[in-house]
Participant: 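First the structure, which I've put down as structure tokens, then a few questions once you've had a look.
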Amino acid sequence: MAEERTTALIVAAGTGERLGGDVPKQYRAVGGKPVLRWAVEAMARHPLVDQVRVVIGSEQHELARTALEGLDVGDLIEGGAERADSVLRGLAAVGDGRVLVHDAARPFCPPDVIDRLLGALGGHDGAVPVLPVSDTIAKGDRILDAPVDRARLLRVQTPQAFHVEDLLYAYEEAGRRPATDESTVMLAAGLQVAAVAGDPMLEKLTTAADWERAEAIL
Ligand code: CTP
Ligand code: MG
């Protein structure tokens, strides 16, 4: 049987409110290259990834064209107001097969994470990279309430692997409102998502401190 086509779908339509600045974070440079460009290159380089597609904001065509110059990402896809809207618009453009939904704000994806994800997708509805929680976790506001047992807590990263039809079904079934990632939507629809080992290199760039950390690592 022929292998299914695998698309890396990179969502880059956010405005990067938490970091601030003139230009959304995915178009800013880290290690001399735009964050989005790193993310696309990391996916494109993997032998099991057949195509990379990118979802951008409607005001971001110029920024994206510059950041992606010379890379093959097909037509740029326009996203929407919420991350889930951007993912859904991307899925509509991708067609069927396997999809790796990935945040542009996570520039450095090690290839073995993709190997683990696609391996696990063979036996589950989806697969996501996770890391353990190392800090003490507690509930509370200004005063600590109950501590939380961190032993069973996981930090969920992207890329996240699914079959396009399953993810579309899950979005239809579960609605898109509360979703910060696709694993949440899959679980809400009663589907099973495998957890594979994530990687510290996949940390999302959100704040100025994340930027400094990334520059230091590079
Ligand atoms: N994203 C998107 N469409 C949106 C919102 C977010 O494609 N409407 C993308 C971002 O570009 C990013 C990824 O989803 O690559 C993860 O989102 P996040 O890190 O929260 O980025 P922003 O939403 O841009 O940042 P902030 O929440 O600080 O505004
Ligand atoms: Mg956001």
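Given the structure is predicted, the values throughout are model-derived calculations rather than measurements. Atoms within each ligand, like the ligands themselves, are counted from 1 in listed order.
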Participant: With atoms numbered from 1 as shown, which atoms in ligand 1 lie under 4.0 angstrom from a non-hydrogen atom of Glu82?
Facilitator: 4 (C), 8 (N)
Participant: Return the residue, atom name and 0.1 Å-rounded distance of the protein heavy atom closest to atom 3 (N) of ligand 1.
Facilitator: Ser86 OG, 2.7 Å
Participant: Tell me: protein heavy atom nearest atom 27 (O) of ligand 1, and distance?
Facilitator: Arg18 NH2, 2.9 Å
Participant: Which pair of non-hydrogen atoms, one from Asp75 and one from Arg53, has the smallest distance, and what is that distance?
Facilitator: O-NH2, 2.9 Å
Participant: What are the two closest non-hydrogen atoms of Ala214 and Leu205, and how far apart are they?
Facilitator: CB-CD2, 3.9 Å
Participant: Could you tell me if Gln51 and Thr7 have a donor-acceptor pair between their side chains, going purely by distance under 3.5 Å?
Facilitator: yes
Participant: I want to know if ligand 1 touches Ala105 in the polar sense, i.e. an N/O pair below 3.5 angstrom.
Facilitator: yes
Participant: Once side chain to side chain donor-acceptor pair (under 3.5 Å) is applied, do any residues pair with Arg89, and if so which ones, sequence neighbours excluded?
Facilitator: none
Participant: I need the full list of ring-ring contact (aromatic ring centres under 6.0 Å, His included) pairs touching residues 112-164, with sequence neighbours left out, sorted by first then second residue.
Facilitator: none
Participant: Against heavy atoms of Ala81, which atoms of ligand 1 measure under 4.0 Å?
Facilitator: 8 (N)
Participant: Can Asp103 and Arg83 be said to form a salt bridge (charged side-chain N to carboxylate O under 4.0 Å, His left out), step by step?
Facilitator: CA-CA 10 Å; Asp103 294 333; Arg83 186 181 173 288; 3.0 Å; yes
Participant: Atom 29 (O) of ligand 1: which protein heavy atom is closest, and how many Å away?
Facilitator: Glu17 N, 2.7 Å
Participant: Closest non-hydrogen protein atom to atom 7 (O) of ligand 1, residue and atom name please, with distance?
Facilitator: Ala13 N, 2.8 Å
Participant: Could you check atom 9 (C) of ligand 1 against the protein and tell me its nearest heavy-atom contact, residue, atom and distance included?
Facilitator: Val11 O, 3.6 Å
Participant: Closest non-hydrogen protein atom to atom 24 (O) of ligand 1, residue and atom name please, with distance?
Facilitator: Gly16 N, 2.7 Å
Participant: Where is the nearest protein heavy atom to atom 10 (C) of ligand 1: which residue, which atom, and how far?
Facilitator: Gly14 N, 3.7 Å
Participant: Using the rule side-chain contact (heavy atoms from CB on, under 4.5 Å), only one of Lys204, His102, Glu182 pairs with Thr158; which is it?
Facilitator: His102
Participant: Which residue and atom name correspond to the protein heavy atom nearest atom 13 (C) of ligand 1, and how close is it?
Facilitator: Asp103 OD1, 3.4 Å
Participant: Is it the case that over 12 heavy atoms from other parts of the model lie below 6.0 angstrom from the CD atom of Glu215?
Facilitator: yes
Participant: Within less than 4.0 angstrom of ligand 1, does Lys25 place any heavy atom?
Facilitator: yes
Participant: Any heavy atom of Pro24 closer to ligand 1 than 4.0 angstrom?
Facilitator: no
Participant: Tell me whether ligand 1 is touched by Thr15 - counting only heavy atoms on the residue side and a distance under 4.0 Å.
Facilitator: yes
Participant: Would you say that Pro200 contacts Ile217 through its side chain, given a criterion of any heavy-atom pair below 4.5 Å between the two side chains?
Facilitator: no
Participant: List ligand 1 atoms under 4.0 Å from Gly80, heavy atoms only on the residue side.
Facilitator: 4 (C), 8 (N)
Participant: Evaluate whether atom CG of Asp96 has more than 12 neighbouring non-hydrogen atoms of other residues, nucleotides or ligands under 6.0 angstrom away.
Facilitator: no
